[in-house]
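Predicted model only: the values in this text are computed from it and were never measured. Each chain gets a letter, A, B and so on, in the order its sequence line appears, and its residues count up from 1.
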Amino acid sequence: MIYADVIIDISHEKLDRDFQYRVPEELVQAIKPGVVVTVPFGKGNTLRKGYVTGISGTAKYDASKLKEIRGVSTDSETTESRLIALAAWMKETYGSTMIQALKTVLPVKDKVRAKEKRLILFTGKKEEGQALLGKLEGSRFKARERFLRAILEAGSLDYTYASKELGAGISVLDFFEKKGLITIESQEMYRIPEGLGLVKENMELSLNQEQLLAAEQIFREWQEPDPRPALLFGVTGSGKTQVYMRLIQKVLEEGKQAIVLIPEIALTYQTVRRFYAMFGDKVSVLNSRLSQGERYDQFKRAKRGEIQVMVGPRSALFTPFSDLGLIVIDEEHEPTYKSENTPRYHARETAIERARMEHARVVMGSATPSLEAYSHACDGEYLLVKLNARYEERPLPQVSIVDLREELKKGNRSVLSLELKRDLEQVLERREQAMLFLNRRGYAGFVSCRACGHVMKCPHCDVSLSEHNGNRLICHYCGYETVKPEICPSCGSPHIGGFKAGTQQIEKVIEKEFPKARVLRMDFDTTRTKDSYEKILASFAKHEADILVGTQMIVKGHDFPNVTLVGVIAADLSLNMDDYHCGERTFQLLTQAVGRSGRGNRPGQAVIQTYQPEHYSIQAAAIQDYKKFYKEEMGYRMLLDYPPAAHMMTVFGACQDEELLKNAMYYIEVFIRRVGPKEELHMIGPAAASVGKVKDVYRQVIRLKHRDICFLTAVREKLEKYIEINSGFRKIYIQFDMN
DNA sequence: AGCACGCCGACT
DNA sequence: GTCGGCGTGCTC
């Protein structure tokens, strides 16, 4: 006997697990994971739609109580089934359960949202209602009386309000509905993402010579029977968006739809606005702050054909368009395209797979392509399209690298080098603007001992604590809080203090050094509220401030023509992360930051402060030389077998019990040695993850590297089975990550 | 979500 | 005692 695991629709959180069903003989051939089936469900055996997530030969539930699958949905050409196929691919490629994959790919209805939108209208005769109310008054039907009184007064009621506040459940509503007094309307009130102030401007698309050529080159590729993904490699300001819009125009003319992926709405507001201006209400914008229900609404609109272009972050990739023609990936190199949750898919790879399945095309763009994308472009797997001219032929800013070690020798302990300080003075004198950029990620202003080097860390999470308001130390992972010690807990030295590297500290230093300058600060703290991000940028654009201090978020978005100086406070902050991408990230951030200077008609300059001035990421960024960087970085990846030179798989394990976790990871290691390829497999670990402990849960990783991804996938599949069979892994949370 | 079960208040 | 509304919990 064959049994199938089926999840019933995806509509309710309590139903988001699988139920086992018997597979009738005649359907054995047709049933495989991902197939849409009809099954009897619940007490009344109402027929419902379900998705097969797995097949097995054993019943894990009382076999006599199992029901039988009724039928298989045969229309394999629906949008939904194509997305399910994509989920199956993600499961295979990234390692996850089918349920997890389906849940990322299919729109999940949100119960609360769906209910909120239901409206109860009083549609009967007023007199009839009044008469009934009279009868109900003083009777035992309290709920009915309450409800009727309320609806007679208001004319219509919100469903949630009626059931929650008035206690009028289904039975009450049924009573009135049968009498013909009310109708329940499930209103489809779509929420247009608010706060963006988007307007259609009927703008004409005009491309310059180079942009036209780029578009032509891509169109020519599209003539091919099997068009390759195109990588649009263009420096900042070369007008990649113009090219995207031309491509989308063409796709729309063909009667197809397009998806535009962007790293984050807030950071690419300008781009979003231009799409809206161009395509008007054909466009919908998916905001990462939208609730699942709101996202569901937008997806529904797409499915019904009410919109043709979906602009949004990573998850917009799964927009259920019926005839998808193009997927655009803007700023392709951004790390936000990699999902943090299982399945840990990469939007670029998944977009290419979806496009392959649905005969759509992929175009991605970047000024600093990821090594993965550029290497594919070099070996001809992607079409490489270049845009060289910077907008109106502006020269690149003049960049100087300041060695901070030398500053210390000169006795300068400030966060500002003498050179940067002098340049700032000149900019202020010329009444121009400057941006100071702090490329810190995560660890803000940690406290360390100057004498012994001891760093204050969270006892639960193993990350550096950050200093807030001078005397409190806070853990950014779990919120643990303690008082800043007066002396070093490790060696007793009084020389313990903050590493002056937070945006607040820089702001203070600037205010002290340049009391007349107007300073704006933009970081996580000052952009909490919805449109504070826009407000700060707009204010800076209007020259209401002279200096803008901020984290990576200031290097994207707006053009500030009056900015002629960009200062990078400490390039090392992103260079010393324990992640093989850090050289690449640093190069990208510095290139972007430097590119912010001199966007107007005055020449720009940039100062990069660092303790490692000889590092190739910094050197290459200073002269804006991508190829030089690529060669160096690729050499490094080849040497150490990091992607894209090889493939890497991370086995991540987490458990409250440290001993248990250690044992489990050890068994995994032994198992891999036994079943894995004997040749050319590099295994690192088990080791504590970069954050070894979060909220008292221990975390460990094993990394595997191999030139051929097939071997890694094979190891993963064997490991998945091994873990499922052995009860010793029950209490351990295991996750896989490819690359 | 939708259905049955069962508690509990009101009426015969 | 009995009837039926309305809250609760389960669905392979």
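- The distance between atom NZ of A/Lys60 and atom C1' of C/dC12, rounded to the nearest whole Å, is 10 Å.
- The CG-C1' distance, from A/Asp62 to C/dT11, rounds to 15 Å in whole Å.
- Computed from coordinates, the A/Ile8 CD1 to B/dG2 C1' distance equals 13 Å when rounded to whole Å.
- Only A/Phe19, A/Gln20, A/Tyr21, listed by number, bring a heavy atom of residues 18-34 of chain A to less than 4.0 angstrom from any atom of DNA chain C.
- A straight line from CZ of A/Phe41 to P of B/dA1 spans 13 Å, rounded to a whole angstrom.
- Here C/dC12 presents its P atom at 9 Å from CZ of A/Arg17, a figure rounded to the nearest Å.
- Between A/Lys49 atom NZ and B/dA1 atom C1' the separation is 14 Å, expressed in whole Å.
- Summarising the geometry, the separation between CG on A/Asp5 and C1' on C/dC12 is reported as 10 Å, rounded to the nearest angstrom.
- Both A/Lys67 and A/Lys43 lie near DNA chain C, and the one whose nearest nucleotide falls closer to the 5' end is A/Lys43.
- Salt-bridge annotation for A/Lys721 and A/Glu717: absent, with no side-chain N of the basic residue lying under 4.0 Å from a carboxylate O of the acidic one.
- Residue A/Tyr94 is tested with A/Glu349, A/Arg344, A/Gln100 for a side-chain hydrogen bond (donor to acceptor under 3.5 Å, both in side chains); the sole match is A/Glu349.
- The pair A/Lys49-A/Glu80 counts as a salt bridge, with a side-chain nitrogen and a carboxylate oxygen less than 4.0 angstrom apart.
- With rounding to the nearest 0.5 angstrom, the OG1 atom of A/Thr79 is 11.0 Å from the CG atom of A/Leu106.
- Rounding to whole angstrom units, CZ of residue A/Arg70 and P of C/dC12 are separated by 11 Å.
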ring-ring contact (aromatic ring centres under 6.0 Å, His included) assessment of A/Tyr3 paired with A/Tyr61: CA-CA 10 Å; A/Tyr3 303 98; A/Tyr61 191 77; over 10 Å; no
A/Tyr722/A/Phe729 under ring-ring contact (aromatic ring centres under 6.0 Å, His included): CA gap, chis, key distance, verdict: CA-CA 9 Å; A/Tyr722 177 67; A/Phe729 293 106; 5.6 Å; yes
